[in-house]
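Please find one structure pasted underneath; my questions will follow.
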Amino acid sequence: MAATPAPPATPPKPTWDPRKPDQPFPWLRPTIRIRLTLLYGGMFLIAGILLLSIIYLLAAQALRTGNEPLFKIVQFQSLKVTSNNCPGIATSDLSLAEFNDAINACMDHERKAALDNLLSRSLLALLGLAVIAFAFGYAMAGRVLSPLGRITRTARAVAGSDLSRRIELDGPDDELKELADTFDEMLERLQRAFTAQQRFVGNASHELRTPLAINRTLLEVHLSDPGAPVELQQLGKTLLATNERSEQLVEGLLLLARSENQIIERKPVDLAEVAEQAVDQVHTEADAKGVTIRGERKPAVIQGNGVLLERIALNLVQNAVRYNVPEGGWVEVTTDVEHGQAVLVVTNTGPVVPAYEIDNLFEPFRRLRTERTGSDKGVGLGLSIVRSVARAHGGHIAAEPREGGGLVMRATFPV
């Protein structure tokens with residue numbers, strides 16, 4: 001008996017990840033505010049050092065010029081001198097020249113001590129002023145850059161599919177306000193374009209529903225006639241299947257157009273319950289294909305639309321069942337809360353999926369190793385709908401090849 005060949009190994013994942021890596025210390029990120037603070041603080045520090053150097057040199061020159069004694073002792077007899085700072089002149093056996101030299105040395109020592117004291121105190125004052133300057137520069141940079149913060153927050157909200165947000169920056173008519181007004185104008189044009197596109201898709205899909213429903217009714221009536229020829233019945237079944245496929249496409253386009261909008265009305269939805277509903281709907285199809293569905297589903301409550309979230313789970317589980325191995329296949333559906341996010345994971349056995357084709361699976365009307373859809377497993381909108389609904393809920397959907405074949409689909413949502 002010939003040995004069963006081992007399944008092909010999963011192709012290696014690409015080493016380049018387009019997503020930004022998480023920085024270990026985000027507060028060390030070289031933001032514009034930090035750079036402006038360092039720039040202005042550094043300029044103040046350099047100016048302070050130069051000013052201190054000039055003051056020190058001028059003070060040293062002034063002390064050196066005024067250090068020459070105003071008089072010299074040319075003769076003394078029985079003169080007794082005491083000094084705490086210049087103990088050398090208190091010696092009684094000094095000659096006149098030695099006494100004058102001792103006085104000059106003492107004055108030089110006092111001048112040097114005065115300069116050192118001036119330098120140390122100035123450095124301490126400069127250090128204190130530098131701390132104040134950096135703190136003041138940081139506060140002022142934050143105030144100046146606050147409009148950029150508003151622009152960034154608005155752009156982040158727009159990236160979450162909320163095109164209705166605007167910056168509406170007030171204040172002086174400077175470069176930042178010009179940038180904000182330009183950004184608002186761009187958002188207005190984008191919103192009009194997206195609204196027009198969604199309206200067109202919705203209207204076209206609604207217009208297509210009526211003739212498709214009429215065709216389905218006519219075909220079902222003719223197929224219910226027991227006296228119809230076999231050829232006509234076979235043609236009717238083929239046309240009915242084609243009509244059903246067109247209806248699925250229309251429904252998918254409608255759902256895709258709706259899910260591109262931000263979800264306004266949100267209610268608590270448990271992903272575990274949503275996943276159970278999806279498993280129950282796909283259970284019959286899984287039994288027919290010999291696919292086992294397993295997995296532990298823990299409570300994971302999020303705020304969202306229950307119907308759209310159920311479509312996410314249903315599409316993922318359906319794809320996992322339909323694109324599976326002919327015998328001994330399984331699908332694992334789990335839900336949980338990890339790191340403050342609700343997670344839905346659908347893992348399945350199946351054909352080997354190259355890592356470079358993962359992104360193509362989320363494009364409309366695209367399938368693995370095919371340019372367009374061309375099978376009876378669906379209309380090619382399932383994963384596109386999943387991604388759109390996840391984005392509308394502020395979530396993210398990611399896929400990666402499973403070792404030995406199949407996929408691991410991971411949908412995360414904020415709790």
Side-chain angles (χ1 to χ4, degrees), residues 3-22 252 256 271 274-275 278-279 282 285-286 289-298 300 309 311-336 338-339 341-391 395-413:
T4 303
T10 304
K13 297 178 63 177
T15 56
W16 176 74
D17 190 355
R19 294 173 296 180
K20 292 181 62 176
D22 296 332
L256 184 60
L271 285 184
V274 169
V279 170
V282 186
E285 183 178 357
K289 291 181 174 293
V291 177
T292 303
I293 301 180
R294 65 191 189 192
E296 181 180 4
R297 289 170 279 280
K298 299 180 181 179
L309 290 173
R311 180 54 66 98
I312 287 183
L314 180 61
N315 286 358
L316 291 179
V317 177
Q318 279 182 343
N319 282 350
V321 171
R322 292 173 180 175
Y323 298 94
N324 215 305
V325 293
E327 296 181 359
W330 52 264
V331 175
E332 186 176 62
V333 183
T334 62
T335 59
D336 200 355
E338 300 177 359
H339 308 293
Q341 288 187 324
V343 181
L344 168 65
V345 182
V346 179
T347 309
N348 69 299
T349 54
V352 176
V353 181
Y356 56 83
E357 292 193 10
I358 291 295
D359 291 338
N360 293 335
L361 299 178
F362 293 94
E363 297 297 328
F365 309 109
R366 297 289 293 274
R367 283 209 187 92
L368 182 64
R369 298 186 182 90
T370 56
E371 182 68 20
R372 304 281 294 181
T373 56
S375 70
D376 57 351
K377 295 181 180 180
V379 295
L381 289 173
L383 292 182
S384 300
I385 294 174
V386 168
R387 183 175 62 179
S388 298
V389 174
R391 287 177 176 175
H396 176 70
I397 179 74
E400 61 180 7
R402 175 184 165 274
E403 188 69 29
L407 288 172
V408 179
M409 309 292 294
R410 185 182 183 88
T412 58
F413 303 91

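Predicted model, so just to flag it, every value in this text is computed and none were measured.
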To the nearest 0.5 Å, how far apart are CD in E327 and NZ in K289?
-> 13.0 Å
Shortest non-hydrogen contact from G405 to R402?
->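 Looks like O-NH1, 2.8 Å.
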Start with the C-alpha gap between R410 and E338, add the side-chain angles, then the distance that decides, and say whether salt bridge (charged side-chain N to carboxylate O under 4.0 Å, His left out) holds.
-> CA-CA 12 Å; R410 185 182 183 88; E338 300 177 359; 2.4 Å; yes
Is it true that R322 and E285 have a side-chain N and a carboxylate O under 4.0 angstrom from each other?
-> yes
Who passes side chain to side chain donor-acceptor pair (under 3.5 Å) against E296, sequence neighbours left out?
-> none
In terms of heavy-atom contacts, G395 and F413 come closest through CA-CD2, 4.1 Å
Of I358, T347, V346, which is the lone residue that meets side chain to side chain contact (heavy atoms under 4.5 Å, CB included) with L407?
->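 Of the listed options, the one satisfying the test is I358.
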Sub-4.5 Å side-chain heavy-atom contact between I312 and I385 | no
Would you say the side-chain atoms of T335 pair up with the backbone N or O of K298, donor to acceptor, closer than 3.5 Å?
->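 Judged by distance alone, yes, a pair lies under 3.5 Å.
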When every non-hydrogen atom of V317 is compared with those of I293, the smallest separation belongs to CG1-CD1, 4.5 Å
If only atom types and distance count, is the side chain of T349 paired as donor or acceptor with the main-chain N or O of G329 below 3.5 Å?
->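 No, the answer is negative, given that no donor and acceptor are paired below the 3.5 Å cut-off.
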L383 versus M409: any side-chain heavy-atom pair under 4.5 Å?
-> yes
How far apart are the closest heavy atoms of R294 and R297, and which atoms are they?
->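 Heavy atoms of R294 and R297 come nearest at O-NH1, 3.7 Å.
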N319 CG to L314 CG distance, which is reported to the nearest 0.5 Å =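 It comes to 9.5 Å.
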Identify the two heavy atoms, one from A286 and one from V321, that lie closest to each other, and give their separation to 0.1 Å.
->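 Nearest heavy atoms, A286 then V321: CA-CG1, 3.8 Å.
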Starting at CD1 of I397, measure out to CZ of R387 and round the result to the nearest 0.5 Å.
->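 If we round to the nearest 0.5 Å, I397:CD1 and R387:CZ are 10.5 Å apart.
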Short question: side chain of N324, backbone of N348 - any donor-acceptor pair under 3.5 Å?
-> no
Return the minimal non-hydrogen interatomic distance between A342 and A300, and the atom names on each side.
->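 Closest heavy-atom pair between A342 and A300: CB-CB, 3.9 Å.
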